[in-house]
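Residue numbers begin at 1 in each chain, while the letters A, B, ... track the order of the sequences. The figures here come from the full heavy-atom set of this structure, side chains too, leaving out hydrogens, waters and symmetry mates.
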2 protein chains.
Amino acid sequence: MNHTADPRPGRPYDRSRDALVLATTLDLLAEHPYGRVTLDDVAARTGRAKTTLYRRWATKDELVLAAVRSMGRPPEDGELPDRGSLRADLLAVIDSPWLGGPDRRSALFTGLSAAARSSEPLAALVRTEVTEPYVAIYRRLLERAVDRGELPAGLTPRIPTLAAVIPAMSDLQLAGATRAGTRRDFFVAVVDDVVLAAIRGAAASPGAGGLIGSVEG
Amino acid sequence: MNHTADPRPGRPYDRSRDALVLATTLDLLAEHPYGRVTLDDVAARTGRAKTTLYRRWATKDELVLAAVRSMGRPPEDGELPDRGSLRADLLAVIDSPWLGGPDRRSALFTGLSAAARSSEPLAALVRTEVTEPYVAIYRRLLERAVDRGELPAGLTPRIPTLAAVIPAMSDLQLAGATRAGTRRDFFVAVVDDVVLAAIRGAAASPGAGGLIGSVEG
DNA sequence: TAATAACGCTACTGAAGAGTAGCGTTATTC
DNA sequence: GAATAACGCTACTCTTCAGTAGCGTTATTA
């Protein structure tokens, strides 16, 4: 494949399973708390020796970091067609295949959230690679809705607040809500509420306002 | 104080700081992931010897268990006056002093959610001591709203789904939303959206419906 | 074929943390 | 005062896990 490979002598790196290693790291992060994801497990589940993992990534954090980077990005402008309404746009984000769709993506976010608490560089990476692109999407969708006339022009958006509820609901489990439906069901319900409220003007009291934003005066 | 104390000879247990130990355990759980809350820390922060802690609670899990039990319960029917509207009722739940109010309570739920993933008995306890009473409150509030005529009588409630979003938002941090306001601000925004949508009929598509519930036919 | 470097494997080091043993001290009952 | 048991303290055991060392094997280049 790659004819520009380095001309070093000796056996070359076998990169064929690197992607599997990264994916498995994410899988484990979605399943267990960060502290219980061990490199021995990753090695065993991917058929690589632990020492081989350390030849690529110097520390556990660097492996997780690389795994996060390998996730790709949420859908960009071009891949996010205008569905004609704010509700349809938000549902399209939810159902985008990024990270395996809404349920797996949500579980993964839960794991990353916990991992970010254990390592500041990792937290920074999660912010730039996951949070900010995600927030940018919502900002764009709200601009569209304003352009469309669905939302008032004077809207002060509360993007991070909105973004917080859509991608991740780690406490669904705490509330036993998983038995009442999938995570996707939950997100759809939120979207239904949020959009209807925004369009009809949720801001009952000044300063409060709904998740999407508030309108001054 | 207690004249019915056991008549055993020897130095009696000094219970004076037991409550402090339990409270400190919860504080640490709100601050760090479960795996990084150590009994050495609890001992140091409470001025007790680690061995003394083990004379009361046989394992770390039992300590956490006792701490959860010591939290008390969310406000019961009698302590939850009818505020006249669903919105006011929900805000009253949010602002109840249980567990130190909305922000601390939310942080604590985040910690408990993580802890519950590490221990099945602990998960069961969190369900019965935290989740179920909390869910019962929402059920009661929705019944009131139906009685009041605010919500339609044929409502199929989605209580666990609603309960999931109100008490805990561990991923606010992931989305950087904490900088945009307190956790309480977030909950209030959710309530504003959810209530407005429920009252005006959010269920745009059958089967979907908002967080509060859907109406058949 | 010689040199090189990745491979898997086994075995290790070192740190952290749950849980325990033992001891001298202190508060209580009889 | 004697017996008892909790107290704080130090020091330990045991387990888990991040990270490393060394070795025989294998894939590659020159």
Side-chain angles (χ1 to χ4, degrees), chain A residues 1-21 24-25 28-29 31-67 111 114-115 117-122, chain B residues 1-21 24-25 28-29 31-67 114-115 117-119 121-122:
Chain A
M1 280 263 189
N2 189 358
H3 291 273
T4 65
D6 58 13
R8 280 187 311 173
R11 180 174 179 171
Y13 278 98
D14 173 9
R15 300 285 184 189
S16 67
R17 273 172 291 172
D18 285 10
L20 177 64
V21 170
T24 301
T25 302
L28 290 172
L29 270 175
E31 291 167 25
H32 309 291
Y34 177 77
R36 309 189 65 174
V37 174
T38 73
L39 289 204
D40 285 304
D41 286 345
V42 175
R45 297 241 300 224
T46 55
R48 310 241 76 172
K50 185 167 67 161
T51 44
T52 298
L53 302 187
Y54 275 102
R55 284 186 191 101
R56 287 157 173 68
W57 303 283
T59 65
K60 179 179 175 181
D61 272 7
E62 282 200 20
L63 171 61
V64 174
L65 228 106
R117 233 170 292 152
S118 295
S119 156
E120 180 44 46
L122 217 157
Chain B
M1 281 262 189
N2 190 356
H3 290 273
T4 65
D6 57 15
R8 280 187 311 173
R11 181 173 179 170
Y13 277 99
D14 173 9
R15 301 284 182 190
S16 66
R17 274 172 291 173
D18 285 10
L20 177 64
V21 170
T24 300
T25 303
L28 290 172
L29 270 175
E31 291 168 25
H32 311 290
Y34 177 78
R36 308 189 68 176
V37 173
T38 73
L39 289 203
D40 285 304
D41 286 345
V42 175
R45 297 242 301 225
T46 55
R48 310 241 76 175
K50 185 167 65 161
T51 44
T52 297
L53 301 188
Y54 275 102
R55 285 186 191 102
R56 287 157 172 68
W57 304 284
T59 64
K60 178 179 175 181
D61 272 7
E62 282 200 18
L63 171 59
V64 173
L65 229 106
R117 233 171 291 150
S118 295
S119 156
L122 216 157

(message) Using a 4.0 Å heavy-atom cut-off, does A/Arg15 contact any base of the nucleic acid, only the sugar-phosphate backbone, or nothing at all?
(response) nothing
Sequence neighbours left out, cut at 3.5 Å: what donor-acceptor pairs do the side chains of residues 35-42 of chain A make with other protein atoms?
residue: A/Thr38; atom: OG1; partner: A/Asp41; partner atom: N; Å: 3.0
residue: A/Thr38; atom: OG1; partner: A/Asp41; partner atom: OD2; Å: 3.2

(request) Ignoring backbone atoms, test whether A/Arg48 places a side-chain nitrogen or oxygen under 4.0 Å from the OP1 or OP2 oxygen of C/dG8. (result) yes
(message) Keeping A/Thr52 on the side-chain end and A/Arg48 on the backbone end, is there a donor-acceptor pair under 3.5 Å?
(response) no
(request) Provide the closest heavy-atom pair for A/Pro33 versus B/Ser118 in the form atom of the first, atom of the second, distance. (result) CG-OG, 4.3 Å
(message) Apply side chain to side chain contact (heavy atoms under 4.5 Å, CB included) to residues B/Tyr13 and B/Asp18 and explain how you reach the verdict.
(response) CA-CA 10 Å; B/Tyr13 277 99; B/Asp18 285 10; over 6 Å; no
(message) Between B/Glu31 and B/Arg45, does any NZ, NE, NH1 or NH2 come within less than 4.0 Å of an OD or OE carboxylate oxygen?
(response) yes
(message) Taking the side chain as everything from C-beta on, heavy atoms only, tell me whether B/Val21 gets closer than 4.5 Å to B/Trp57.
(response) yes
(request) Mind calculating the distance between NE2 (A/His32) and C1' (D/dT16) to the nearest angstrom? (result) 15 Å
(request) Represent DNA chain C in dot-bracket notation, 5' to 3'. Only Watson-Crick or G-U wobble pairs with both distances under 3.5 Å count; pseudoknot-style crossings use [ ] and interstrand partners use |. (result) ||||||||||||||||||||||||||||||
(request) Please check if any side-chain donor atom of A/Asp14 sits under 3.5 Å from a side-chain acceptor atom of A/Ser16, or the reverse. (result) yes
(message) Using side chain to side chain contact (heavy atoms under 4.5 Å, CB included), reason through A/Tyr54 and A/Glu62 one step at a time and then give a plain yes or no.
(response) CA-CA 10 Å; A/Tyr54 275 102; A/Glu62 282 200 20; over 6 Å; no
(message) Strictly under 4.0 angstrom, non-hydrogen atoms only: write out the protein contact profile of nucleotides 15-25 of chain C, one letter per nucleotide from the 5' end, B, S or -.
(response) --SSBBB----
(message) Does D/dC7 have OP1 or OP2 under 4.0 Å away from a side-chain N or O of B/Arg17?
(response) no
(request) Could you tell me the separation between the CZ atom of A/Arg8 and the P atom of C/dA5, rounded to a whole number of Å? (result) 7 Å
(message) Under a 3.5 Å distance rule, please check whether A/Arg117 uses its side chain to pair with a backbone N or O of B/His32 as donor and acceptor.
(response) no
(request) Specify the separation, in whole Å, of atom CG of A/Asp18 and atom C1' of C/dC7. (result) 13 Å
(request) Grab the CZ-P distance between A/Arg56 and C/dA6 for me, whole Å please. (result) 9 Å
(request) Take the protein atom CG of A/Leu28 and the nucleotide atom P of D/dA18, then report the distance between them rounded to whole Å. (result) 11 Å
(request) For A/Trp57 and D/dT20, give me the distance from atom CH2 to atom P, rounded to whole Å. (result) 15 Å
